[in-house]
Amino acid sequence: MSHSFWSLVFGRLDFDSLDFLKAFFHPDLNDVIVSGASWVVILGAVVTAALLTWFRLWGPLWSKWLISVDHKRIGVMYIVLALIMLARGVLEGVVMRAQQADGLHGGFVSADHFAQLFSTHGTIMIFFMAMPFLTGLINIVVPLQIGARDVSFPMLNSLSLGLTVSGAMLVMISLVIGDFSTGGWTAYPPYTEPDFQPGAGVDYWIWAVTLAGLGSTLTGINFVVTILKERAPGMTLLRMPIFTWNALCTSLLLVFAMPPLTVAGLMLAADRYLGFHFFTNTLGGNMMNYANLFWQFGHPEVYILILPAFGVYGEVIATFSGKRLYGYVTLVIATMAIGFLSFGVWLHHFFTMGQDADVNAVFGIATMLIGIPTGVKVYDWMATMFRGRIRFSVPMVYALAFMVLFVLGGLTGILLANPTVDFQVHNTLFLVAHFHNMLIPGTLFGMLAGYTYWFPKVFGFRLNDRWGYIAAFSWIIGYFLAFMPLYAVGLMGMTRRTVSYTNSAFEPWFLVAGAGAFFVTVALVTLCVQLYVSIRDRELTRDIGGDPWNARTLEWATPSPVPAYNFPVMPHIHALDAFAVAKEAGFGYQEPTSYSDIHLPGNTWAGVIAAVFGTALGFGLVWHMWWLAWLSLAVLAVSLIARALLGDRHPVKIPATEVRRQYRAWLEKVRAVTPVTRALEWDHRNCGVAATEYFEEAAE
Amino acid sequence: MEQSLLSSNPSVRSCFCLAGIVEAKSAGCGSISCVKSAKLRIMGSGPKRRTMRLQFSRRSLRLLLAGSVVLLTGCSDKNQSFLTPDGPVSALEHYHMWLITLITLIVVAPVVVGVPLLAWRYRYGNTRARYAPNWDFSTALEWPMWLVPVAIVAVLSVYLWIYTHELDPYRSIAADKPPLRVQVVGLDWKWLFIYPDYHIATVGEMAFPQDRPVSMELTTDTVMQSFMIPALGGQIYAMPGMVTRLNLEADRTGEFEGMNTQYNGDGFHAQHFQAVAITPQDFDSWVKTVQHNGAALNPTSYGILARSSTPAEVHNQFGDAAMPKDITFFNDVASRLFAGIVMRYHGDRAVSPAEEPGTVAYNAKLASK
Amino acid sequence: MLVSKIRSREDAYRHDLRGYQAGFILAAILTIIPFALVASGTFSTIATLWVIGVIALIQIAVHIRYFLHVDLSPERREELYLMLFSGALVTLMIAGMLWLLFNLHTRMM
């Protein structure tokens, strides 16, 4: 009687699932690490709640952030999520590197724990670090760059954030209760079918990824519509900044690439929960179709991850070279070509599955074709640097490292595009080195460059430079030492996802990689230190004028931090790089002729409800607590329908007089600031107003 | 007279091909001493040329070359890498890899060299360099920027098409001898090698004669796996209820590392085996040894074999002193064993978890026996 | 927003109504034909399926033109590009998938 009551209420949850107790029952190194991680999560949550209570921040947190529909606030919350998950993902990577550095002698984590590590590491870094980071940057920057007040669907924006958070919560909860999947971030069946993996692990993966995937699909829809419909008057498509073009392409990719993942995940869920046979060994299941569907998502996904970074680099390189971006139209064409072609190459992720040579060759050639527009982009960025006046700011350091390191990854990408070579290096550490080569110098450096570049716009003060350089160089050295050896080891025949090995020739390479992991940890720590020091010293790096980098695009023509309504009056755009053109002509800071009332959308509970009840839905499904799953689903459905019927009940109106007062106050502060040349860019005298500089025509 | 590092001097070339520091020395790599200095010319962006000269000492270069070969090939006795290929398939894969690398470097090297140069020359503090803030397009530059990568990809595509067809795993290797047939069954966490023509099977070791093609059919009885002997050729997935093919050949006698590259559980890292190429006479005696010493492989013993276990555990279960360490021999193998394993997953009746190797239920059932 | 023709409200209402009427009639016809084909069994199964497929594609175009107002006029150019881009992507993905899955099927013996 009591057993069935227990399972009715708690599903298949039991005391064995409680990870924080494991070390007490079984104190070996492996379980101590497992329990330790769960205690970190528990204590982190408790300490955060305690601090919020102590400083009485629950109120402002709720009213100003959690229910906000302001795209800038939503963007910041995405990036906060990304940075927290970056810390966890990096630590997992470091543990794996440490394990493999000692792998010849067996290491210190169990095989099962290692498998969970590589699965969570991949899942977190892609779905809960890179995607939120790029979504956050797109959220903050795109409406400002196109001269809009907000996105087309602000409530949906908050909902997307809530869904992403719910997925992240499930992954974090898996550290405390139960185990995560051991099937990698790709979760191939039949290994992930219930006969082989009946536990909670694969279910955690399915619901975390599906919920976050739904959020990303909605973000894609939101930004396609926003970019096509909300541009300021006069901003034709070919006058949009390059970051916005890349965001448009990313959003289109999100709309078309996320559904195959949702479908594949739900089909796997049908196999696991309802006894279906989509991917099983028997009764007509076809596991090859899972690989097909997953990679129809997975390949455009990696372009989703890299295109926003390309957009950041385009902005950063042009700004810090003091030049127009070279080949704007070429870059636009190349971007859209990459976006389109990315849907025609997914088979290269399973060249070894047994297709015939015609199929492999066609997809291989298609894969190499994408290298052409990508290469042209790199040359265009180099041409942007040519005859510029390059300042080695922290974002520029990331961009320079990116250009050199990324093309090496491109070389290995061309190698992998050839089925003959792929047959040898697929599923080896060569592959692992390749995709980290694209993701770290490509995506991560781009995100960190964007973070540094737009930080003053969002918070009103610049990040500390010295710690920024230390972080950048630590990342560069750390990445290089941690991953270049993996190319060698992969060529030497070392498989991926392997907890230990017996070939002593691998060991020196893994020791070097272990040193790289150390530098990566240093980089992570310095990012935290940088944030602390920047906040502490924020008066020294105040950005009053809103334009600390003498940049070119529209978002820099606003105060820092940007008011909720972005622009007092919708700007009329007459050229590409409108703000740069205006500054050169002396019209940088103009007062509008007339003001009108501004109407903004009201706050919404949608995001919070999605986060809380999405997590509850996932948790209920994972642990077979059906009452919780149904209840959460009902709450989600009812609240969304209610919102649809009732609409936005509390829109905000800001009267014209208030807008004028705010804007004039800002203009006065701007006029009181001394403009600085780029020589003083890092100085505390740079308060965000740029002086025009004239350079003598030099004899070459 | 400048000499490049990869000179036509055969002694220098041989150092890249042979494994081990011993061979490097004996091949007379003292010939590297002729490479006293390498001059690299870097074309500046104006009429001035800058030349950089790099001096290598003889000894350090010799050590570098020999050391890098050792590091890349390893001290293990089993060849695990196609960097030192031991068969026609892996040799062509190896060659193709270098071809692609060298051709692609044409478009990659300018970036690696150019970015630091541009950054240095056009740095903010360098007032001597020209500043052209509004220069944002040049048709003269667009043409080569697009056409060079297009040409490179076109050339690579031709090679890709030809070699992909030539290296199709299903394609039989041309030879004067008929291929040796091996049927490979992936289990958790070992490979079972069935020799249908000899009614024997092995775990942990796949022996075959050198210079004779081996034609494999692969399947698994658990989950998706991927079979590879890197020294001889690339990998192919193996999946339950399906049959894939792989054709390999060894040029010389020797031992090669074999593995599974598709994660399938706790014992994944142990799913290795040795592929051994021996002379045809040795192979015949090997077959007789297996027939003589092999344990019987009938449905009962197969049922126990299919339990999740590593090759070492299989040896402990079925093996005796007559079998090498971590290797198990089987005899009396039914002709239809492989076909039966494949066909089990076809049909209108589901295979229940208790009958399906690799599942939790299957392992639990046998543990309780 | 640019408008090529300036309309009075009356004209606009009548123009929209005619568009929706035309779209509705076309959609109805394109729906009745497949049902009639299946009910009468005039063609073989394969032929019927092909006809239904083609009619479905035509109906998609009708909905896009008459209900979503995406036509060939300059104001709607961006939306047209979006539709074409989407169509091209979906065709690429489906065609590629069918090709590779059938190919795999033949190679798995």
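In what follows, chains carry the letters A, B, and so on, assigned in the order in which the sequence lines appear, proteins first and then strands, with residues in each chain numbered from 1. Owing to the predicted nature of the structure, the values given are computational and were not obtained by experimental measurement.
- Closest non-hydrogen pair, A:Ala361 versus B:Trp161, comes out as CB-CE3, 3.4 Å.
- Here the shortest heavy-atom pairing between A:Ala357 and B:Asp168 reads N-OD2, 4.1 Å.
- Between the B:Ser81 side chain and the A:Leu491 main chain, a donor and an acceptor come within less than 3.5 Å of each other.
- Looking at A:Thr498 and B:Tyr263, their side chains never come closer than 4.5 Å, going by heavy atoms from C-beta outward.
- Annotation: maximal heavy-atom pairing with chain B below 4.5 Å, among A:His277, A:His426, A:Met403, occurs at A:His426.
- In this structure, the separation between OG1 on B:Thr127 and CZ on A:Arg389 is 6.5 Å, given to the nearest 0.5 Å.
- In this structure, no portion of B:Glu166 lies under 4.5 Å from any heavy atom of chain A.
- The part of B:Glu356 that comes within reach of chain A is its side chain, from C-beta onward, which places non-hydrogen atoms under 4.5 angstrom from that chain.
- At a 4.5 Å heavy-atom cutoff, the contact between B:Pro357 and chain A is made by backbone atoms alone.
- When A:Leu325, A:Leu283, A:Val499, A:Asn418 are compared by the number of non-hydrogen pairs under 4.5 Å with chain B, A:Asn418 comes out ahead.
- Considering CD1 of B:Ile162 and OG1 of A:Thr420, their distance stands at 11.5 Å, rounded to 0.5 Å.
- Residues A:Thr330 and B:Phe137 have side chains in contact (heavy-atom distance under 4.5 Å, counting atoms from C-beta outward).
- Only the side chain of B:Met259 comes within contact range of chain A, with at least one heavy atom under 4.5 Å from a heavy atom of that chain.
- Comparing A:Gly322, A:Gly375, A:Gly364, A:Gly327 by how many heavy-atom pairs each has under 4.5 Å with chain B, the most go to A:Gly322.
- Contact count versus chain B (heavy atoms, under 4.5 Å) is highest, among A:Gly371, A:Gly410, A:Ala318, A:Ala383, for A:Ala383.
- Atom-to-atom distance recorded for B:Ser90:OG and A:Phe423:CZ is 13.5 Å, nearest 0.5 angstrom.
- Contact of B:Met228 with chain A is made through the side chain alone, with heavy-atom distances under 4.5 Å.
- Heavy-atom minimum distance, B:Thr222 versus A:Pro190: O-CG, 4.3 Å.
- Residue B:Arg245: no heavy atom, backbone or side chain, is found under 4.5 Å from chain A.
- A donor-acceptor contact shorter than 3.5 Å is absent between the side chain of B:Gln80 and the backbone of A:Met492.
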*Which is it for A:Asp358 and B:His165 under the side-chain hydrogen bond (donor to acceptor under 3.5 Å, both in side chains) test, yes or no, and what are the steps along the way?*
CA-CA 7 Å; A:Asp358 286 338; B:His165 282 80; 2.6 Å; yes
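- Heavy atoms of B:Thr101 lying under 4.5 Å from chain A belong to its backbone as well as its side chain.
- In this structure, the portions of A:Val376 lying under 4.5 Å from any heavy atom of chain B include both its backbone and its side chain.
- Proximity of B:Tyr131 to A:Glu693: side-chain heavy atoms (C-beta onward) are nowhere separated by under 4.5 Å.
- Residues A:Tyr501 and B:His269 have side chains not in contact (no heavy-atom distance under 4.5 Å, counting atoms from C-beta outward).
- One distance of note links NE2 of A:His113 with CG of B:Asp266; it measures 12.5 Å at 0.5 Å rounding.
- If you take CD1 on A:Ile414 and CD1 on B:Ile103, they are separated by 11.0 Å, rounding to the nearest 0.5 Å.
- Across A:Tyr379 and B:Val111, no two heavy atoms sit closer than the pair CE2-CG2, 3.7 Å.
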*Go through the steps to decide whether B:Tyr124 and A:Glu681 satisfy the test side chain to side chain contact (heavy atoms under 4.5 Å, CB included), and finish with yes or no.*
CA-CA 11 Å; B:Tyr124 186 81; A:Glu681 193 165 56; over 6 Å; no
_For a side chain to side chain contact (heavy atoms under 4.5 Å, CB included) check, start with the C-alpha distance between B:Trp98 and A:Val421, then their side-chain angles and the critical distance, and finish with the verdict._
CA-CA 10 Å; B:Trp98 281 113; A:Val421 178; over 6 Å; no
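- In this structure, the side chains of A:Asn281 and B:Val351 stay at 4.5 Å or more apart for every pair of heavy atoms.
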_Quick one, A:Val407 with B:Val112, criterion side chain to side chain contact (heavy atoms under 4.5 Å, CB included). Give me CA distance, side-chain angles, the key distance, then yes/no._
CA-CA 8 Å; A:Val407 293; B:Val112 177; 3.9 Å; yes
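- For the side chain to side chain donor-acceptor pair (under 3.5 Å) test, no residue two or more places apart in sequence or in another chain qualifies with A:Arg497.
- Here the side chains of B:Ser138 and A:Tyr326 are in contact, with some heavy-atom distance below 4.5 Å.
- For the residue pair A:Thr495 and B:Asn260, the shortest heavy atom distance occurs at CG2-O, 3.9 Å.
- In this structure B:Gln274 satisfies the side chain to side chain donor-acceptor pair (under 3.5 Å) test together with B:Glu205, sequence neighbours excluded.
- Between the side chain of B:Gln235 and the backbone N or O of A:Thr352, no donor-acceptor pair lies under 3.5 Å.
- With a 4.5 Å cut-off on non-hydrogen atoms, B:Asp188 does not touch chain A at all.
- For the pair A:Phe386 and B:Leu118, the minimum side-chain heavy-atom distance is below 4.5 Å.
- No more than 12 heavy atoms of other residues, nucleotides or ligands lie within 6.0 Å of OH in B:Tyr159, so this atom counts as exposed by the packing criterion.
- One distance of note links CG of A:Leu369 with CG of B:Leu156; it measures 11.0 Å at 0.5 Å rounding.
- In this structure, B:Asp136 contributes its side chain and A:Arg324 its backbone to no donor-acceptor pair below 3.5 Å.
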*asked:* side chain to side chain contact (heavy atoms under 4.5 Å, CB included), that's the test. Do A:Gln424 and B:Val89 meet it? Break it down for me.
replied: CA-CA 11 Å; A:Gln424 280 283 352; B:Val89 174; over 6 Å; no
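- A 4.5 Å side-chain heavy-atom check between B:Pro240 and A:Met287 finds at least one atom pair inside the cut-off.
- The backbone N or O of B:Gln225 lies less than 3.5 Å from no partner atom in the side chain of A:Tyr191, so there is not a single donor-acceptor pair.
- In this structure, A:Met385 and B:Tyr122 approach most closely via the heavy-atom pair O-CB, 3.8 Å.
- Only the side chain of B:Thr244 has a heavy atom closer than 4.5 Å to any heavy atom of chain A.
- Residue contact with chain A, scored on non-hydrogen atoms closer than 4.5 Å, involves the side chain of B:Phe268 exclusively.
- Your options are A:Val404, A:Asp195, A:Thr502, and the one with the most heavy-atom pairs under 4.5 Å with chain B is A:Asp195.
- Of the residues considered (A:Thr412, A:Leu408, A:Asp380, A:Val489), A:Asp380 shows the highest number of contacts with chain B, using heavy-atom pairs under 4.5 Å.
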